[in-house]
Amino acid sequence: MTHPVAAAGTFADPTADGLVRRWRSLDIESSDLDSPAGAAEALRRLIEAGTLDLPLPAFGRTADRFRILSRLAELDLTVARLGEAHTDAIAILAELNGPTTERADVWGVWAAEPPHAPVRATPSGSGGEWRLDGRKAWCSGAGICTRALITAAGPDGSQLFAVDLAAPGISPVDDAWPVATLRGADTRSVDFSDAPAVGVGIPGAYVDRPGFWHGAAGVAAVWYGGAVGVARSLQRAHDRRSLDQLGLMHLGAVDAALSGARAALAAAAAAFDADPRDATGRAAAVARRTRAVVEAAATETIDRVGRALGAAPLALDANHARRIADLQLYLRQSHADRDLASLGRLVADAGDDW
């Protein structure tokens with residue numbers, strides 16, 4: 001078996017434009033991506049083509065990684081939601097010396113831990129083998145992924161585990177996503193009953209490692225790409241018929257907001273590459289700051305594009321309406337004001353980077 005890290009440097013064209021060329025060559029139709037089957041097929045094609053063999057974070061090419069994730073989100077947020085998790089899993093496996101994987105594997109990362117849906121882990125013999133029991137909530141790619149990294153409560157606290165989703169005792173719950181937004185990502189609960197698993201890292205390692213914050217900023221790169229996709233509607237409207245002064249004002253404000261978000265992502269990439277093991281202890285502040293800047297830019301983009309274009313594209317352009325709804329839901333993966341309070345605490349305790 002080949003560890004994905006070995007392939008990470010073999011991506012023939014590790015650029016955002018290379019991703020677009022590959023997307024077009026694979027004939028992926030946006031109309032197919034509302035369904036889990038269509039999203040799964042698109043994701044599988046991208047993985048098998050090597051398009052998602054991204055540079056690992058904090059290894060000198062984090063900016064390339066963020067640019068590719070952003071461009072994927074600009075193309076489609078459903079596939080980007082699944083692709084970001086897959087690439088994050090590959091990075092986690094590399095950082096925590098996890099099990100090897102195959103090219104055909106599609107990984108998910110299921111780390112939500114609401115109190116109503118606990119999963120318990122029990123040691124099962126030697127060699128890092130465990131058994132999992134319980135229901136895991138908020139599992140994106142529940143019926144799409146072939147393997148997953150999942151957090152569960154072990155004897156010494158929360159720990160990360162790798163599971164083969166074809167193993168006995170693992171079954172997605174038949175609780176279909178109730179709304180159309182991001183339906184293709186197939187987010188459901190998954191039941192585990194005496195299911196086999198392999199421990200990845202020691203208890204607490206999932207959140208204590210520097211890569212946790214690298215991955216958090218990677219999500220912001222996806223938000224940014226989704227916002228760019230929304231902004232394209234305003235640019236296209238201008239190309240069809242020149243915007244009036246108010247429309248140009250909104251376009252200028254969107255450009256400024258997205259430029260700030262892009263700069264924040266570039267600064268985060270540079271900071272991670274310069275301090276891959278987080279010796280300075282600043283990775284959390286960098287990631288939280290980046291997420292806050294990008295979330296604000298994306299929110300402003302949605303608002304200004306809507307004010308500039310009115311109701312027509314939301315009512316008559318299915319792709320635009322879907323993109324708006326998908327991005328709004330995806331942005332709520334942040335914890336909004338609580339995340340800002342956490343950033344404020346970090347700044348208060350460690351000083352600012354102003």
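Only this structure's heavy atoms are used, side chains among them; waters, hydrogens and symmetry mates stay out.
- In terms of modelled atom types and a separation under 3.5 Å, the side chain of Ser158 and the main chain of Gly154 share no donor-acceptor contact.
- Side-chain atoms of Trp107 and Thr101 form a donor-acceptor pair, as typed in the model, at a separation below 3.5 Å.
- No side-chain heavy atom of Phe192 sits less than 4.5 Å from a side-chain heavy atom of Arg120.
- Taking a 6.0 Å sphere around NE2 of His238, one finds it holds more than 12 heavy atoms contributed by other residues, nucleotides or ligands.
- Contact of the Val305 side chain with the His320 side chain is registered, since non-hydrogen atoms from C-beta on lie closer than 4.5 Å.
- Panel note: side chain Lys136, backbone Ala152; no donor-acceptor pair is recorded below 3.5 Å.
- Salt bridge absent: Arg282 and Asp275 never bring a charged side-chain N and a carboxylate O closer than 4.0 Å.
- A distance of 10.0 Å separates CG in Asp186 from OG in Ser35, rounded to the nearest 0.5 Å.
- Rounding to the nearest 0.5 angstrom, the gap separating the CG atom in Leu182 from the OG1 atom in Thr78 is 5.0 Å.
- Judged by distance alone, the side chain of Asp255 and the main-chain N or O of Leu251 form no donor-acceptor pair under 3.5 Å.
- Pairing each heavy atom of Ala89 with each of Gly108, the nearest pair is CB-O, 4.4 Å.
- Of the candidates Ile90, Thr146, Thr100, Asp105 forms a side-chain contact (heavy atoms from CB on, under 4.5 Å) with just one, namely Thr146.
- Looking at every heavy atom in both residues, Ala137 comes nearest to His116 through CB-NE2, 4.4 Å.
- Side-chain contact between Thr87 and Arg65 is present, with heavy atoms from C-beta onward closer than 4.5 Å.
- Ile150 and Val106 fall into different hydrophobic clusters, where Ile, Leu, Val, Met, Phe, Trp and Tyr are joined by side-chain heavy atoms under 4.5 Å apart, directly or via other members.
- Electrostatic pairing of Arg131 and Asp194 counts as a salt bridge here, judged by a charged N lying under 4.0 Å from a carboxylate O.
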Starting from the C-alpha separation in whole Å, work towards a yes-or-no answer on side-chain contact (heavy atoms from CB on, under 4.5 Å) for Arg236 and Arg232.
CA-CA 6 Å; Arg236 285 193 294 270; Arg232 297 286 186 207; 3.3 Å; yes
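- Salt bridge Asp76/Arg322: present, at least one basic N to carboxylate O contact under 4.0 Å.
- The hydrophobic cluster containing Val228 also contains Leu19, counting ILVMFWY residues as joined when their side-chain heavy atoms lie under 4.5 angstrom apart, directly or transitively.
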Candidate pair Ile324 and Ile302, rule side-chain contact (heavy atoms from CB on, under 4.5 Å), full reasoning:
CA-CA 7 Å; Ile324 292 284; Ile302 291 170; 4.1 Å; yes
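- A salt bridge is absent between Arg147 and Asp164; no separation between the charged side-chain nitrogens and carboxylate oxygens falls under 4.0 Å.
- Of the possible polar contacts, one joining the Ser70 side chain to the Ala221 backbone as a donor-acceptor pair under 3.5 Å is found.
- For the pair Pro196/Glu129, no side-chain contact is recorded, criterion being any heavy-atom separation below 4.5 Å from C-beta on.
- Between Leu149 and Leu93, some side-chain heavy-atom pair lies under the 4.5 Å cut-off.
- Note on Val207: it clusters hydrophobically with Val200, by side-chain heavy-atom contacts below 4.5 Å among ILVMFWY residues.
- Leu234 contributes atom CG, which lies 5.5 Å from atom CG of Leu243 (distance to the nearest 0.5 angstrom).
- By the side-chain contact (heavy atoms from CB on, under 4.5 Å) test, Glu295 pairs with Trp223, Thr299, Leu331, Arg332, Ser334, sequence neighbours left out.
- A donor atom on one side chain and an acceptor atom on the other are found under 3.5 Å apart for Arg81 and Ser140.
- Put simply, the side chain of Met249 does not reach to within 4.5 Å of the side chain of Gln245, judged on heavy atoms.
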How far apart are the C-alpha atoms of Thr187 and Trp138, what are their side-chain angles, what is the distance that settles it, and do they pass the side chain to side chain donor-acceptor pair (under 3.5 Å) test?
CA-CA 6 Å; Thr187 301; Trp138 299 103; over 6 Å; no
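- Between the side chains of Asp273 and Thr62, at least one donor N or O sits under 3.5 Å from an acceptor N or O.
- The two atoms that bring Ala261 and Ala297 nearest to each other are CB-CB, 3.8 Å, heavy atoms only.
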Under the side-chain contact (heavy atoms from CB on, under 4.5 Å) criterion, do Phe161 and Thr151 qualify, and how do the steps go?
CA-CA 6 Å; Phe161 299 91; Thr151 54; over 6 Å; no
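- Proximity of a side-chain donor or acceptor of Glu74 to a complementary backbone N or O of Gly229 within less than 3.5 Å is not detected.
- The distance from atom CZ of Arg188 to atom CG of Asp174, rounded to the nearest 0.5 Å, is 6.5 Å.
- Transitive grouping of hydrophobic side chains (ILVMFWY, heavy atoms separated by less than 4.5 Å) brings Leu314 and Tyr330 into a common cluster.
- For the pair Arg323 and Asp326, the salt-bridge criterion is not met [side-chain N within less than 4.0 Å of a carboxylate O].
- A heavy-atom distance below 4.5 Å is found between the side chains of Leu72 and Leu52.
- To the nearest 0.5 angstrom, Ile92 atom CD1 is 13.0 Å from Asn97 atom CG.
- Taking each heavy atom of Val163 and Ala197 in turn, the nearest pair found is CG1-CB, 3.6 Å.
- For Arg103 and Asp53, the salt-bridge test passes: some basic side-chain N is under 4.0 Å from an acidic carboxylate O.
- Residues forming a salt bridge (Lys or Arg N to Asp or Glu O under 4.0 Å) with Arg44 (at least two apart in sequence, or on another chain): Glu41, Glu48.
- The heavy-atom pair separating Ala298 from Leu327 by the smallest distance is CB-CD2, 4.4 Å.
- Annotation for Val79 and Ala42: closest pair CG2-CB, 4.1 Å, computed over non-hydrogen atoms.
- With a 4.5 Å cut-off on side-chain heavy atoms, Leu258 and Tyr224 count as touching.
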List the steps, then state whether side-chain contact (heavy atoms from CB on, under 4.5 Å) holds for Val190 with Val173.
CA-CA 5 Å; Val190 176; Val173 177; 5.9 Å; no
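- A perpendicular orientation is assigned to the rings of Phe66 and Phe272, their planes being inclined by more than 60° (bins at 30° and 60°).
- Cluster membership check: Leu165 shares its hydrophobic cluster with Trp130, using side-chain heavy-atom separations under 4.5 Å among Ile, Leu, Val, Met, Phe, Trp and Tyr.
- Salt-bridge formation is not detected for the pair Glu300/Arg307: no Lys NZ or Arg NE/NH1/NH2 atom is positioned less than 4.0 Å from an Asp or Glu carboxylate oxygen.
- To the nearest 0.5 Å, the span separating CD on Gln159 from CD1 on Ile202 amounts to 8.5 Å.
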